A.B. asks: 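Can you keep this structure in mind? I'll have questions shortly.
The model shown is predicted, which means the values in this text are computed figures rather than measured ones. Just the heavy atoms: all of them, side chains too, but no hydrogens, waters or symmetry mates, feed the values below.
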Amino acid sequence: MTDTIFALASGSGRAGVAIVRVSGPDAGPALAALAGSLPEPRRAALRSLKARDGALIDRALLLWFPAPRSFTGEDVAEFHIHGGPAVIEALSEALMAEGLRPAEPGEFSRRAFAHGQMDLTEAEGLADLIDAETQTQRQQALAQMGGALGSLYGQWRDALIDTLAAIEGEIDFPDEDDVPEGLSERAGPPLEALCASMRAHLADNHRGERVRDGFTIAVIGAPNAGKSSLINYMAQRDAAIVSDIPGTTRDIIEVRLIRAGFVVYMADTAGLREASDTIEAEGVRRALARAESADMRCLMIDVSRETPDEATFAMLRPGDVALLNKTDLASVDAPVPEGVTAFAVSVKTASGLDAFNAWLDDELVARLGGAEAAPLSRARHRQLVERALASLEEALSLLSSRPELAGAEVNRAIRALGELTGAVDIEDVLDRVFSQFCIGK
């Protein structure tokens, strides 16, 4: 990281103000070359920016952050210029003339990580904060960016290092008087406590990932039960084609909603029946697959044409919902499975849908809300905690008989936790994480 980079750190397009950020060893010389001299550190200064040929680029507000007290830990300069595309282009050309290069996606954050300004979970929290569209996403990202996850994983890792030292002490010095007999057995209780903590951390019903990525609801049912009409009602637009012809919906149509502060993806699926052709058969297969993987299933039943029985509700699970639709044409009192909530509605007249909407919002808050500061928010986190837990459970089984193998398993757990925060050399993981950032961060 000996070169100096720059990028537009504010949004692209026409704007009143644009911010161009520079980081690296030549940030100071480049700033001085364009502005005439360096401003006082961490104090805004209004200066004229001039290119090498003396042409005026803009009158700009400048900020100078000498290392290590900067976002990246390197020398950093910020140019607050007028946001016209021509001004941004002129400044970019002037910076390249000074030997600077445009930054790659996530390169500023990666440099901050490399210089110890943040760990990997904090960097991911920053990326999530930039992408946050709801208040719950913002709150979760802020907690993670503030070190809530990194602190927890760091505590686990420190405890494991202490436990590993105890196990290896008995292996390396079995005859020494200052090493208590059965020291490896004494490592059992702290390992069991750590296993319990990890299990509790994992047993969150994927709450953090659903807050970050969205909660999925699959709308299923027979043809013409009202699935597409429900989707259009929830989206408040004509997202799906509504027709009396069975089999109209053949592929999955998904709408994105914001409900109770959470992102929700509601999917209209093909009507479940014996398909009349191969295309409809593929639509039914996809509908069944989406229903299987969804966080919630919403079963639409046309009570004017069928009386629900046990087989009708076979696809539902506790926590799912059934909408007994078209009650403007007929009424039915259907016994629903335990744990399934049912509403008598008419999508055509909107009767009963207020009660369904209120229930859905309450259910989202119950499932996705919570007091935990920073739950698991990415599949990467979950996989590594699961790997660490599996190693610790294996270590416990080996502790009394093969302490040297138990120590190796504890070492594997320590490495998995190190990968979570970036405390070990994991270049391939870093490439994958930071490539998802926007340019300028």
A.B. asks: Just so I know, are the side chains of Leu230 and Leu353 near enough to count as touching, which here means a heavy-atom distance under 4.5 Å?
C.D. replies: yes

A.B. asks: Phe262 vs Val365, test: side-chain contact (heavy atoms from CB on, under 4.5 Å). Steps then yes/no.
C.D. replies: CA-CA 8 Å; Phe262 302 99; Val365 171; 4.1 Å; yes

A.B. asks: Is it true that Glu363 and Arg367 make a salt bridge, defined as a side-chain N closer than 4.0 Å to a carboxylate O?
C.D. replies: yes

A.B. asks: So for atom CZ, which belongs to Arg42, do other residues, nucleotides or ligands contribute more than 12 heavy atoms lying within a distance under 6.0 Å?
C.D. replies: yes

A.B. asks: Any salt bridge between Glu107 and Arg101, counting N to O under 4.0 Å?
C.D. replies: yes

A.B. asks: Using only atom types and a distance under 3.5 Å, with no angle test, would you say the side chain of Asn411 pairs donor to acceptor with the backbone of Gly407?
C.D. replies: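 No, the answer is negative, given that no donor and acceptor are paired below the 3.5 Å cut-off.
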
A.B. asks: Is Arg402 salt-bridged to Glu394, going by a charged N under 4.0 Å from an acidic O?
C.D. replies: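 Salt bridge between Arg402 and Glu394, a charged N being under 4.0 Å from a carboxylate O: no.
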
A.B. asks: Between Phe79 and Leu31, is any pair of side-chain heavy atoms under 4.5 Å apart?
C.D. replies: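 Side chain of Phe79 against side chain of Leu31, heavy atoms only: contact under 4.5 Å found.
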
A.B. asks: Identify whether the distance between the nearest side-chain nitrogen and carboxylate oxygen of Arg111 and Asp3 falls below 4.0 Å.
C.D. replies: yes

A.B. asks: Is Asp75 reaching over with its side chain to a backbone N or O of Ala27, donor-acceptor style, under 3.5 angstrom?
C.D. replies: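 Answer holds: no.
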
A.B. asks: Would you find a donor on one side and an acceptor on the other, under 3.5 Å apart, between the side chain of Arg47 and the backbone of Leu34?
C.D. replies: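 The answer is no, because no donor-acceptor pair under 3.5 Å joins these two groups.
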
A.B. asks: Should the ring pair Tyr153 and Trp156 be called parallel, tilted or perpendicular, given that the plane angle runs from 0 to 90° and is split at 30 and 60?
C.D. replies: tilted

A.B. asks: Distance to the ring centre below 6.0 angstrom and angle to the axis at most 45 degrees; does that hold for Arg21 and Phe71?
C.D. replies: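 So Arg21 does make the cation-pi contact.
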
A.B. asks: Does the pair Arg212/Asp131 count as a salt bridge with the N-to-O cut at 4.0 Å?
C.D. replies: no

A.B. asks: Is the backbone of Thr421 close enough, under 3.5 Å, to the side chain of Thr121 for a donor and an acceptor to pair up by distance?
C.D. replies: no

A.B. asks: Taking Asn325 for the side chain and Ala225 for the main chain, is one N or O donor matched with an acceptor at less than 3.5 Å?
C.D. replies: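 Checking the backbone N and O of Ala225 against the side chain of Asn325, a donor-acceptor pair under 3.5 Å is found.
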
A.B. asks: Using atom types as modelled and distance alone, determine if a side-chain donor or acceptor of Glu122 lies under 3.5 Å from a backbone N or O of Asp119.
C.D. replies: yes

A.B. asks: Is Ser109 reaching over with its side chain to a backbone N or O of Ala123, donor-acceptor style, under 3.5 angstrom?
C.D. replies: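 Pair absent, no side-chain N/O of Ser109 close to backbone of Ala123.
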
A.B. asks: So, Ser377 and Gln144: side-chain donor and acceptor under 3.5 Å apart, yes or no?
C.D. replies: yes

A.B. asks: Is there a donor-acceptor pair under 3.5 Å between the side chain of Gln137 and the backbone N or O of Glu133?
C.D. replies: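 Yes; judged by distance alone, with no hydrogens or angles, the pair exists.
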
A.B. asks: Return the NE2 to CD1 distance between His82 and Ile57, rounded to the nearest 0.5 Å.
C.D. replies: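 Going from the NE2 atom of His82 to the CD1 atom of Ile57 covers 14.0 Å.
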
A.B. asks: Does Gly208 offer a backbone N or O that forms a donor-acceptor pair with the side chain of Gln140 under 3.5 Å?
C.D. replies: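 Pair found, side chain donor or acceptor close to backbone of Gly208.
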
A.B. asks: Rounded at 0.5 Å granularity, tell me how far CZ in Arg412 sits from CD in Glu409.
C.D. replies: 4.5 Å

A.B. asks: Look up atom CZ in Arg387 and atom CE in Met198, then write down how far apart they are to the nearest 0.5 Å.
C.D. replies: 12.0 Å

A.B. asks: Do any N or O atoms from the side chain of Arg207 and from the backbone of Leu368 form a donor-acceptor pair under 3.5 angstrom?
C.D. replies: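 Looks like yes, one N/O pair under 3.5 Å.
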
A.B. asks: Just by distance, with hydrogens left out, do Gln135 and Arg138 show a side-chain donor and acceptor under 3.5 Å apart?
C.D. replies: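 Short answer, yes.
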
A.B. asks: Are Gln117 and Thr72 packed together at the side-chain level, in the sense that at least one heavy-atom pair is separated by less than 4.5 angstrom?
C.D. replies: no

A.B. asks: Between the side chains of Arg110 and Glu104, is the shortest nitrogen-to-carboxylate-oxygen separation below 4.0 Å, so that they form an ion pair?
C.D. replies: no

A.B. asks: Evaluate the salt bridge (charged side-chain N to carboxylate O under 4.0 Å, His left out) criterion for residues Glu93 and Arg52: first the C-alpha distance (whole Å), next the side-chain angles of each, then the deciding distance (0.1 Å), finally the verdict.
C.D. replies: CA-CA 10 Å; Glu93 290 175 354; Arg52 284 195 166 189; over 6 Å; no

A.B. asks: To the nearest 0.5 Å, what is the distance between CG (Leu364) and CD1 (Ile217)?
C.D. replies: 6.0 Å

